Trainee: 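Let me give you the structure first, and then I'll get to my questions.
Note that the structure is a prediction, hence the values are computed from the model and not measured. All ligand and atom numbering here is 1-based and tracks the order in the structure.
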Amino acid sequence: MSVQLDSYLQGSWKRGDSAPRSLINPATEREVATIKSMSSSLADALHHGRETGGASLRRLSFAERGELLDKMAKVLHEAREELIDLAIQNGGNTRKDAKFDIDGGISVLAHYAYLAKSLGERPWIVEDEPSAVYRGAKIRAEHILVPRHGLAIHINAFNFPAWGMLGKAAVALLAGMPVLCKPATSTAWLAHRIFEILLDAECVPDGAFQLLMGSAGDLLDHVGPQDVIAFTGSQGVGTTIKTHPAVIAAGTRVNLEADSLNAAVIGPDVESGTELFDLVIRDLVVEITQKAGQKCTATRRVLVPEAALESVREVLLDRLGELAGQTGDPSDKSVRMGPLTSKAQLDDARAGITKLLASAEIIHGDPARTTGFVGVEDGTGYFLEPIVLEAKPDAVLDPEASFHRHEVFAPVTTLLPYDGELASAAKIIGLGKGSLVSTVYTDDREWLAGAVAEIGPWLGRLVVANEKFANASMSPGCVFPVANHGGPGRAGGGEELGGVHGMGLYMQRVAIQGGASQIARLL
Ligand code: NAP
C-alpha cells in the first residue's frame, strides 16, 4: 500500500496541491509512497522558523539543546528496525547499507549531544584568547561565535535520507538555529518517518524543525541575511542555489557539498601479500559496492603503481567476482548489493559509463546486464553490477580524460596506472579539481609527508593507511562527526561536521574589542 507524505510547516501537517510524484521500490519497481509539492508560498514557513523556532532554541543553553539531541538519538534508536525496513523498501538499501545511513545519523546526534556538555552556559562560544590590538595596548580583541538569528535551510541528496537530515540538523540545532529540511524526493519516505517519530516524541520546540516534501517551490525567494543554506547534491543544482538572485542579494550563507572524484593512492612500496595490500582491496570492494556506489565519498579513481597493476587487478576482480549472484532485491538476506535508487539514476550511471569509455576500457562487469539478479524477475529493478574500468595509458595525466571530469554515482571505479612518483600522484589528484576524501596507502613516511603537503590542498579529508594500522583502519567512506566533511573546488567548497568547527556554519564570528578587564569579565 502506498502512503501519502505531507510536509510539516508552521506547526501542522500540510498536504501539497501539485500532481503527485511516486516514490518507488527500486528492486520491484512498485510505488511505495507519493508526494504532492506545495504550490503556495513558503514565506510564512521561513518566518515561523526564524521567529518561533529560533527564539525558543536561543532561550536554551548549549547543554539543554544537547539534551534535545540526546532524546532524538534515543527515540530513533528505538525505532531502528522500522526505519531499516523503510530504507530497504524505498532506498534499495541492503540491511547493512540502511544501518550505515540510520546509525550514522543517530551517532551524529549522540556526538553533538555529548559535545554540548563542554560548551558552557553562555549563549556564545569563545574561540580564542584575548589579544592586544597592538603591542602594549590596553585594548584587547577576542573572537566569539553567536547563533545566527535566521533559519537553517537543509536541502539533501537522495542517497543518505537519514544521515543527511540528522547530521545537518544536529549541528544547526546545537548551534541554536531552527531547521527547515527538504529531503530529496525519490527516497524521502525514510526522512519523513524519522521526522514523524521526532515530532510524536516532542523532541524539539515548535518551529525549530520543519519538513518540506517535494520540490523547493519558492523557498529560495525568501531567504534573508541571517539564514544559512546547507545543500548536498549535484554540482549543477548547487550552482543554481548559490547564484539564486535572492541568495546573492541577501548575502545568505551557503554551504555546498557536491560531486567528488575521490581517489585511493597506492604507494610504490605496497606489495601483494601484506596486510596493507589486503586493506587496499578490502576498502575498494566496500567503496564500490556499499550503497551500490551511491556515496559522495566512494572511491572513483584508483592510482595503482604500474608495477602493482597486475596483482591489484587480479585480486580486486576476484573479490568482485565472488559478489556475482549476490546483487539483487535487498529484502533477500543473501543479497550484498542492492539496486540504484531510481530509473533516472540507472540511466545517468549508464550514460556516465559511456563517457568514461572515451578514456578507459571496462575490465569487469556489464553495464547493460538486466538478468540474473537475486529475487526479481529478469528485466525488473534498477540494477547495475559492479563496473571496473582501466584507464588508457596516455589518458591518465590528461586533464580532459573523462574519469577526471565525470562522477558516475554508481558501483563504478577506474584503475589509473601511474609511475609511483609522488609528483605524478599529486598531479592526478589535482585533475579531479577538488574532492571530499582520498586515501594514501604507504609505509614510506617521507612519501606520506610529501603526499600530505601536495595532495592535502585538494581534499577535505585525507585518510592515511599503513601496515601497522591496517587491521584497525576504516574505509574512507565512513564519515565521523569529529572529522571535517566537505572538499574544495568540484566538491563544493563546503565544510560540515568536524566537531565544534561545524557549528561555525550556523553561528556568526564576532570580534569583541574593548578594555582588557572588561573583555575578561564579559567573556
Ligand atoms: P540533486 O539532483 O542535485 O538534488 C539534491 C537536492 O536538491 C534534492 O533535494 C533536490 O530535490 C533538490 N533540488 C533540485 N533542484 C533544486 C532547485 N532548483 N532548488 C532547490 N533544490 C533543488 O542531487 P541528488 O541526485 O539527490 O544526489 C546525487 C548527487 O549528490 C551526486 O552528484 C553526489 O555526488 C552528490 N552528493 C554529495 C554529497 C556530499 O556530501 N558532498 C553527499 C551525497 C551526495 P528533488 O529530489 O525534489 O529534485
Trainee: Determine whether the aromatic ring centres of Trp13 and His192 lie less than 6.0 Å apart.
Mentor: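 Yes, ring centres under 6.0 Å apart.
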Trainee: Does Lys295 have a non-hydrogen atom less than 4.0 Å from ligand 1?
Mentor: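 False for this residue.
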Trainee: Please confirm whether Lys182 comes within less than 3.5 Å of ligand 1 when only nitrogen or oxygen atoms on both sides are compared.
Mentor: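 Indeed, backbone or side chain, Lys182 has an N or O that close.
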Trainee: Can you check whether Asn262's main-chain N or O pairs, donor with acceptor, with Ser438's side chain at less than 3.5 Å?
Mentor: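 Absent.
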Trainee: With atoms numbered from 1 as shown, which atoms in ligand 1 lie under 4.0 angstrom from a non-hydrogen atom of Pro183?
Mentor: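 Under 4.0 Å from Pro183, ligand 1 has these atoms: 9 (O).
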Trainee: Measuring from the heavy atoms of Phe231, does anything fall under 4.0 Å of ligand 1?
Mentor: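 Phe231 counts as a contact of ligand 1 under the 4.0 Å cut-off.
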Trainee: Out of curiosity, is Ala258 lining ligand 1, as in a heavy atom under 4.0 Å away?
Mentor: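 Contact check Ala258 vs ligand 1: positive.
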Trainee: Using 30° and 60° as the class boundaries, would you call the ring planes of Phe160 and Phe100 parallel, tilted or perpendicular?
Mentor: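 Correct class here is tilted.
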Trainee: How far is atom 26 (O) of ligand 1 from its nearest protein heavy atom, and which residue and atom name does that atom have?
Mentor: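 The answer is Phe158 N, 3.1 Å.
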Trainee: Parallel, tilted or perpendicular: which describes the rings of Phe209 and Phe195, with under 30° parallel and over 60° perpendicular?
Mentor: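 Perpendicular: the ring planes of Phe209 and Phe195 meet at over 60°.
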Trainee: Counting only heavy atoms, tell me which of Ile35, Val408, Leu212, Ile155 gets closest to atom 21 (N) of ligand 1.
Mentor: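 When every heavy atom of Ile35, Val408, Leu212, Ile155 is considered, Ile155 comes closest to atom 21 (N) of ligand 1.
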Trainee: Only heavy atoms count here, so choose which of Asn159, Val437, Asp348 is nearest to atom 44 (C) of ligand 1.
Mentor: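 Residue with the shortest heavy-atom distance to the ligand atom: Asn159.
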Trainee: Strictly below 4.0 Å, N to O, side chains only: are Arg148 and Asp227 in salt-bridge contact?
Mentor: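 Between Asp227 and Arg148 there is no salt bridge, as every charged N stays at least 4.0 Å from the carboxylate O atoms.
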Trainee: Any N or O on Ala157 sitting closer than 3.5 Å to an N or O of ligand 1?
Mentor: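 No, no N or O pair falls under 3.5 Å.
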Trainee: Please tell me whether Gln210 and His48 have a donor and an acceptor in their side chains that are separated by less than 3.5 angstrom.
Mentor: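 No - no donor-acceptor pair under 3.5 Å links their side chains.
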Trainee: Heavy-atom distances under 4.0 Å decide this one: backbone, side chain, both or neither, for Ala216 against ligand 1?
Mentor: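 The side chain, only.
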Trainee: Checking side-chain hydrogen bond (donor to acceptor under 3.5 Å, both in side chains) between Lys168 and each of Glu496, Glu257, His154, which is the one that passes?
Mentor: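 With Lys168 as partner, side-chain hydrogen bond (donor to acceptor under 3.5 Å, both in side chains) holds for just one option, Glu496.
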Trainee: Find all atoms of ligand 1 within a distance of less than 4.0 Å from any non-hydrogen atom belonging to Asn156, and give their numbers and elements.
Mentor: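 Answer, ordered by atom number: 5 (C), 6 (C), 8 (C), 9 (O).
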Trainee: Has Gly214 got any heavy atom lying under 4.0 angstrom from an atom of ligand 1?
Mentor: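 For ligand 1, residue contact (heavy atoms, under 4.0 Å) with Gly214 is present.
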Trainee: Looking only at side-chain N and O atoms, does Glu287 offer a donor or acceptor that is under 3.5 Å from a partner on Ser475?
Mentor: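 Yes.
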Trainee: Looking at Asp103 and Arg80, is there a salt bridge between them, counting it only when a charged N and a carboxylate O are closer than 4.0 Å?
Mentor: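 Yes.
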Trainee: Please state whether the rings of Phe409 and Phe158 are parallel, tilted or perpendicular, taking 30° and 60° as the class boundaries.
Mentor: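 Ring orientation of Phe409 relative to Phe158: perpendicular.
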Trainee: Using protein heavy atoms only, decide if any is under 4.0 Å from atom 3 (O) of ligand 1.
Mentor: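 Within 4.0 Å: yes, protein heavy atom nearby.
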Trainee: Counting only nitrogen or oxygen atoms and a 3.5 angstrom limit, does Ser215 reach ligand 1?
Mentor: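 No: no nitrogen or oxygen of Ser215 is under 3.5 Å from one in ligand 1.
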Trainee: Any atoms of ligand 1 less than 4.0 Å from a non-hydrogen atom of Leu436? List them with their elements.
Mentor: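 Reading through ligand 1 atom by atom, the close ones are 39 (C), 41 (N).
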Trainee: Do we see a donor-acceptor contact under 3.5 Å between the side chains of Thr380 and Glu29?
Mentor: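 There is no such pair (donor and acceptor under 3.5 Å, judged by atom type) between the side chains of Thr380 and Glu29.
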Trainee: For ligand 1, which is the ligand I care about here, please tell me if Glu407 has any N or O atom under 3.5 Å from one of the ligand's N or O atoms.
Mentor: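 N/O-N/O distance below 3.5 Å exists for this pair.
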Trainee: Can you find an N/O atom of Thr232 closer than 3.5 Å to an N/O atom of ligand 1?
Mentor: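 No - when backbone and side-chain N and O of Thr232 are compared with those of ligand 1, no distance drops under 3.5 Å.
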Trainee: Measure the distances from the heavy atoms of Ser37 to every atom of ligand 1 and state whether one is below 4.0 angstrom.
Mentor: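 Ser37: no contact with ligand 1 (<4.0 Å).
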Trainee: Below 3.5 angstrom, do we get any N/O pair linking His485 and ligand 1?
Mentor: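 Right, the criterion is met.
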Trainee: Inspect the contact between Asp6 and Arg15 and indicate whether a charged nitrogen and a carboxylate oxygen are less than 4.0 angstrom apart.
Mentor: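 Counted as a salt bridge, because a side-chain N and a carboxylate O are separated by less than 4.0 Å.
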